[in-house]
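Report on the following structure.
When a residue number appears, it is its place in the shown sequence, counting from 1.
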Amino acid sequence: MSNANPNQKTETNMKYTEEHEWLREEDGLVVVGITEHATTQLGDIVFVELPDVGTTVTKDEEVVVIESVKAASDIISPIDGEIVEVNDALADNPALANEDAIGAGWFFKIKPSDASQMDGLMDEAAYNALIA
């Protein structure tokens with residue numbers, strides 16, 4: 001029996017990049033977004049340009065353009081694969097990324113061509129140490 005608080009949100013299946021992206025595995029796909037730390041650094045996000053569904057991307061390729069009140073920034077693909085879904089809600093309401101960075105504010109879902117690329121990414125403890 002676990003002593004974990006059932007109301008505490010745990011993200012044990014999440015990985016993080018040094019570029020402040022998070023990745024979450026869901027049903028053979030990988031959901032990608034930016035961390036709350038990234039949204040704090042960017043400020044209010046006012047525009048998001050998402051990739052086209054069906055686009056094949058390689059690790060470190062620019063796939064999303066974000067514009068905030070402070071700066072324009074790119075999100076790079078953390079892994080190789082095919083974009084299979086994008087969060088169209090961000091086009092109408094880019095602030096979703098600020099309001100719910102690891103929930104409704106996700107950017108795209110990718111079908112990985114090499115799932116082992118996830119192994120080299122940080123877990124939550126390592127990411128928290130990076131931003132501390």
Side-chain angles (χ1 to χ4, degrees):
M1 186 143 175
S2 173
N3 292 330
N5 178 349
N7 297 321
Q8 184 177 357
K9 188 174 187 178
T10 58
E11 299 294 351
T12 56
N13 64 337
M14 290 182 72
K15 296 285 189 171
Y16 299 85
T17 71
E18 291 182 5
E19 293 77 27
H20 309 290
E21 298 165 356
W22 58 260
L23 293 80
R24 181 175 50 234
E25 294 181 73
E26 290 182 1
D27 302 322
L29 301 177
V30 176
V31 183
V32 179
I34 59 173
T35 65
E36 290 178 11
H37 177 79
T39 64
T40 300
Q41 297 298 310
L42 286 167
D44 292 337
I45 296 172
V46 296
F47 175 77
V48 176
E49 182 181 323
L50 298 167
D52 293 328
V53 172
T55 302
T56 300
V57 295
T58 56
K59 184 179 185 318
D60 299 330
E61 179 181 343
E62 294 174 1
V63 291
V64 175
V65 176
I66 299 172
E67 292 180 12
S68 72
V69 293
K70 292 183 180 178
S73 185
D74 295 315
I75 293 181
I76 61 170
S77 182
I79 58 174
D80 298 340
E82 178 186 352
I83 305 294
V84 294
E85 187 177 341
V86 296
N87 188 353
D88 289 325
L90 286 176
D92 297 328
N93 184 11
L96 271 178
N98 294 102
E99 295 163 6
D100 190 8
I102 61 170
W106 61 276
F107 286 89
F108 59 89
K109 294 182 182 180
I110 188 169
K111 182 178 182 182
S113 55
D114 180 2
S116 72
Q117 287 180 317
M118 297 273 292
D119 298 341
L121 301 176
M122 292 180 276
D123 62 13
E124 186 173 20
Y127 180 72
N128 286 335
L130 174 75
I131 62 173

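Here ring pair (Phe, Tyr, Trp, His ring centres under 6.0 Å) pairs that include residues 44-92, with residues two or more places apart or in two chains, number zero. The side chain to side chain donor-acceptor pair (under 3.5 Å) analysis of residues 52-77, with sequence neighbours excluded, yields the pairs T58-E61.
The two residues P112 and L29 have their closest heavy-atom pair at CD-CA, 4.4 Å. Listed here is the closest heavy atom pair of I75 and I34: CD1-CG2, 3.4 Å.
The closest donor-acceptor contact from the side chain of N87 to the backbone of G105 lies at 3.5 Å or more, if one exists at all. R24 places no side-chain N or O within donor-acceptor distance of the main-chain N or O of G33, the cut-off being under 3.5 Å. The main-chain N or O of Y16 is never found under 3.5 Å from a side-chain atom of W22 such that the two would form a donor-acceptor pair. Although no hydrogens or angles enter the test, the distance criterion places a donor-acceptor pair under 3.5 Å between the side chain of N13 and the main chain of E25. Looking only at distances, a side-chain donor or acceptor of E21 sits under 3.5 Å from a matching main-chain atom of I76.
To the nearest 0.5 Å, atom CG of residue L42 and atom CD1 of residue I66 are 6.0 Å apart. One finds the CG atom of L130 at 6.0 Å from the NE2 atom of H20 (value rounded to the nearest 0.5 Å). Separating the CG atom in N93 from the CD1 atom in I45 is a distance of 10.5 Å, to the nearest 0.5 Å. For the atom pair CD of E99 and OG1 of T39, the computed distance is 10.5 Å after rounding to the nearest 0.5 Å. For the atom pair CG (L121) and CE (M14), the distance works out to 11.5 Å, reported to the nearest 0.5 Å.
Side-chain contact between I79 and D114 is absent, with no heavy atoms from C-beta onward closer than 4.5 Å.
Remark: the Y127 side chain and the T35 side chain contain an N/O donor-acceptor pair separated by less than 3.5 Å.
M122 and V30 end up in different hydrophobic clusters when Ile, Leu, Val, Met, Phe, Trp and Tyr side chains are linked at under 4.5 Å. Hydrophobic clustering (side-chain heavy atoms under 4.5 Å, transitive across Ile, Leu, Val, Met, Phe, Trp, Tyr) keeps W106 apart from I110. Taking hydrophobic clusters as Ile, Leu, Val, Met, Phe, Trp and Tyr residues chained together by side-chain heavy-atom distances below 4.5 Å, V53 shares a cluster with V64. Note on V31: it does not cluster hydrophobically with M118, by side-chain heavy-atom contacts below 4.5 Å among ILVMFWY residues.
Within a 6.0 Å radius of CD in E18, no more than 12 heavy atoms belonging to other residues, nucleotides or ligands are found.
In this structure, F107 has no ring-ring contact (aromatic ring centres under 6.0 Å, His included) partners at least two apart in sequence or on a different chain.
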